[in-house]
Amino acid sequence: MNGAPLADPRRYFEAVEATRAAEAASPPVCLYLEVTNRCNLLCETCPRTFEDLESPADMSWELFTSIIDQVPNIARVVMHGVGEPMLVKNLPQMIRYLKARGIYTLFNTNGTLLTPRKQRELIETGLDELRVSLDAADAKTFLAVRGKDMFDRIVRNISSFTTLQKQIGATIPLVSMWLTGLKETVGQLPDFVRLAAQIGVREVHLQRLVFDEAGFGLARAESALFEHTRAEEDATVAAAQAIAAASGIRLNASGATEPGLSLKAGEDERPWSTCRRPWSLMYFTAHGRALPCCIAPFSARGYENYTLGDATQQSLRDIWNSPAYRDFRTSLLSDAPPKPCQNCGMRWSL
């Protein structure tokens, strides 16, 4: 699966806009690798808290390297799925393997395991981005959303990490803090931005909630802000934006856009049809199962209903334009999209 390397995957997304068809004309530019599906928190917005998706596992080194080696010109690898990547013992080795190939590398963490030893280790790997999902501005709200009383530990860890970066002059990884925007938590966004400024984080993201029809925990339609913000919630977002601007914080949102716009509905009556992910990226679970994207596990039940291949049994080339992938792309461009796409927040994040 060869192709010209790309520094910015967004250029690829633009390129595939006019060429989307059942068969992808070019190889993927981005890989999402679920290096583990294990986690040490019990988040109220995560499906793995409430049901078994696959048996607990870390992606084996053999599977990891096999996937990477089949796409030699991949531009970007995201090393997370439904688990906590820092539980993986050989995570630094995996990152170094990617960076040796010039691949832009990032992952999302809950920050609980960001100990001083691991902080320096991560910096030394050359990791490009470290995204910390905190989801609250105080311990009480964190416990309600994330299921365990670890807020203060995580804040200390982040603060220690940014301090270490300053001490040794490390410009990467770029550290960002993420808040899932719920009706229950959006009021904390201004304080969340203030907290980021206090502990040396210069980028904050407001992320839209993924939910399915059945709903679980806080991942249900009535908690979602998308298309349903009220005047006070709009005012809260505006206040957070003002604080961010005054503090030198970049406040972004789903789809690399600004928070207010991210929470508004677009004009397209078929928003799923604008998605470019099945032509631009591949997602693999810890067991090697190919899924349409990172949102699919959160938006529909039953992996077997939208599995597009198995990297332990097939080559990536065979999976990428297999009958299952071609059927999925065709369905996505129709008036009856696949179930994982029906409630998807389009242009989610890059």
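Index from 1, following the sequence.
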Atom pair OH (Y303) and CG (L308), whose distance is rounded to the nearest 0.5 Å: 12.5 Å
Side-chain donor/acceptor of Y306 to backbone N/O of A296, under 3.5 Å: yes
Results of side-chain hydrogen bond (donor to acceptor under 3.5 Å, both in side chains) for H80 - residues two or more places apart only: none
Min side-chain heavy-atom separation R146-S133 under 4.5 Å: yes
CZ-CG distance between R120 and L164, expressed to the nearest 0.5 angstrom: 5.0 Å
S322 and Q314 side chains, donor-acceptor separation under 3.5 Å: no
Nearest-0.5 Å distance, CG of residue L91 to CG of residue L122: 6.5 Å
F107 and L127, any side-chain heavy atoms less than 4.5 Å apart: yes
Test salt bridge (charged side-chain N to carboxylate O under 4.0 Å, His left out) applied to D52 - qualifying residues, sequence neighbours left out: none
Verdict with supporting geometry, L98 and M94, side-chain contact (heavy atoms from CB on, under 4.5 Å): CA-CA 6 Å; L98 297 172; M94 289 176 162; 5.7 Å; no
Test side chain to side chain contact (heavy atoms under 4.5 Å, CB included) applied to T115 - qualifying residues, sequence neighbours left out: R117, K118
Whether over 12 other heavy atoms sit under 6.0 Å from K140 NZ: no
Backbone N/O of R317 and side chain of Q70: donor-acceptor pair under 3.5 Å: no
Test salt bridge (charged side-chain N to carboxylate O under 4.0 Å, His left out) applied to R194 - qualifying residues, sequence neighbours left out: D191
Listed partners of A239 passing side chain to side chain contact (heavy atoms under 4.5 Å, CB included), at least two apart: P190
CG-CG distance between N40 and L113, expressed to the nearest 0.5 angstrom: 5.0 Å
Those residues that, when tested against A245, pass side chain to side chain contact (heavy atoms under 4.5 Å, CB included) (two or more places apart): none
For V204 against A196, the heavy-atom pair lying closest together: CG2-CB, 3.5 Å
Any C293 side-chain heavy atom under 4.5 Å of L281 side chain: yes
Nearest heavy atoms of P297 and L291, plus distance in Å: CG-CD1, 3.8 Å
Exam field: side chain R20 to backbone C275, donor-acceptor pair closer than 3.5 Å: yes
Pairing residues for N305 by the side-chain hydrogen bond (donor to acceptor under 3.5 Å, both in side chains) criterion, not counting sequence neighbours: none
Distance-only polar pair, side chains of E84 and T36, donor-acceptor under 3.5 Å: no
Euclidean distance, E54 CD relative to R289 CZ, rounded to 0.5 Å: 4.5 Å
Non-neighbouring partners of R156 that pass salt bridge (charged side-chain N to carboxylate O under 4.0 Å, His left out), sequence neighbours left out: none
Check: L114 and T109 side chains under 4.5 Å, non-hydrogen atoms: no
Point-to-point distance, once rounded to the nearest 0.5 Å, from OG1 of T185 to CZ of F142: 12.5 Å
Salt bridge (charged side-chain N to carboxylate O under 4.0 Å, His left out) partners for R96, two or more places apart: none
Partner set under side chain to side chain contact (heavy atoms under 4.5 Å, CB included) for A244, not counting sequence neighbours: V193, I249, L251
Residue pairs, two or more places apart or on separate chains, that pass salt bridge (Lys or Arg N to Asp or Glu O under 4.0 Å) and touch residues 97-106: D69-R101, K99-D128
Nearest heavy-atom neighbours spanning T312 and D310: OG1-OD1, 2.6 Å
Mutual orientation of the aromatic rings belonging to Y283 and Y32 [parallel < 30°, tilted 30-60°, perpendicular > 60°]: parallel
Heavy-atom pair of closest approach, residues A137 and Q188: N-OE1, 2.7 Å
Test item: T105 and Y97 side chains (from C-beta on) under 4.5 Å apart, heavy atoms: no
Side-chain donor or acceptor of D58 paired with backbone N/O of V88 under 3.5 Å: no
Side-chain donor/acceptor of W320 to backbone N/O of S26, under 3.5 Å: yes
Any V145 side-chain heavy atom under 4.5 Å of F151 side chain: no
Note, L134 side chain near L195 side chain (heavy atom, < 4.5 Å): yes
Test side-chain contact (heavy atoms from CB on, under 4.5 Å) applied to I243 and L189, step by step: CA-CA 10 Å; I243 295 167; L189 185 59; over 6 Å; no
Which atom of L143 lies closest to which atom of D149, heavy atoms considered: CD1-N, 3.6 Å
For residues 168-177, dump all side-chain donor-acceptor pairs below 3.5 Å to protein atoms at least two apart in sequence or in another chain.
from, atom 1, to, atom 2, distance (Å)
S176, OG, W178, NE1, 2.8

Any donor-acceptor pair under 3.5 Å from S159 side chain to V155 backbone: no
Side-chain donor or acceptor of W279 paired with backbone N/O of A25 under 3.5 Å: no
Between N110 and T112: side-chain donor-acceptor atoms closer than 3.5 Å: yes
S334 side chain vs S331 backbone, donor-acceptor pair below 3.5 Å: yes
Intermediate values then yes/no, side-chain contact (heavy atoms from CB on, under 4.5 Å), L316 and F284: CA-CA 10 Å; L316 268 62; F284 291 97; 3.8 Å; yes
Close side-chain approach of H287 to N37, heavy-atom, < 4.5 Å: yes
Closest contact, heavy atoms only, R76 versus L106: NH2-CD2, 3.4 Å
